[in-house]
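Note that the structure is predicted; figures quoted are calculated from it, not measured. No hydrogens, no waters, no symmetry mates; every other heavy atom, side chains included, goes into these values.
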Amino acid sequence: VSFAQMRVKVFDIKRRFIRELLNNQISGSEGNIIFNGYGSDDLKLRIGIYILLIEAIDQSGGTIEILKKPLVIAGKM
């Protein structure tokens with residue numbers, strides 16, 4: 001089982017910081033992160049596209065992996 005120290009942040013499309021979901025927390029090889037659609041100011045985010053930035057540092061080899069993934073906040077139709 002591989003463990004990593006992780007940071008996960010949300011940014012808007014203009015690269016402005018919205019919220020930090022994880023900060024240097026130890027993670028296993030699998031898991032879930034729940035994001036409720038609210039910013040760090042506890043206000044509901046607008047419908048739109050956001051960027052999820054995931055940074056993981058492998059505890060054994062010190063390898064850093066950085067992923068940027070799109071995240072969509074949507075509403076009912």
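- The number of heavy atoms from other shown groups lying within 6.0 Å of CZ (F17) is above 12.
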For this session: Using the side-chain contact (heavy atoms from CB on, under 4.5 Å) rule, take R19 and F35 through it: C-alpha gap first, then chi angles, then the decisive distance, then the call.
Result: CA-CA 10 Å; R19 184 171 180 180; F35 175 50; 4.0 Å; yes
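- Two residues are said to be in side-chain contact when any heavy atoms from C-beta on lie closer than 4.5 Å; K68 and L53 meet this criterion.
- Looking at V8 and L52, their side chains come closer than 4.5 Å, going by heavy atoms from C-beta outward.
- The minimum heavy-atom distance between A56 and M6, with the atom names listed, is CB-CG, 4.2 Å.
- In terms of heavy-atom proximity, I66 sits nearest to I64 at CG1-CG2, 4.1 Å.
- The shortest distance between side-chain heavy atoms of Y38 and L45 does not fall below 4.5 Å.
- Within the model, atoms CD1 of I54 and CD of E65 stand 9.0 Å from one another, a figure rounded to the nearest 0.5 Å.
- Counting heavy atoms from C-beta outward, L71 and V10 have side chains that approach closer than 4.5 Å.
- Contact of the L21 side chain with the K9 side chain is not registered, since no non-hydrogen atoms from C-beta on lie closer than 4.5 Å.
- Within a 6.0 Å radius of CD1 in I26, more than 12 heavy atoms belonging to other residues, nucleotides or ligands are found.
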Exercise. Where do R7 and L22 land on the side-chain contact (heavy atoms from CB on, under 4.5 Å) test, with the steps shown first?
Worked result: CA-CA 5 Å; R7 284 191 299 215; L22 293 178; 5.8 Å; no
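- Here the straight-line distance linking atom CD1 of I47 with atom NZ of K76 works out to 12.0 Å at 0.5 Å rounding.
- I18 has its side chain within reach of Y50: a pair of non-hydrogen atoms, C-beta onward, lies under 4.5 Å apart.
- No side-chain heavy atom of K14 sits under 4.5 Å from any side-chain heavy atom of I51.
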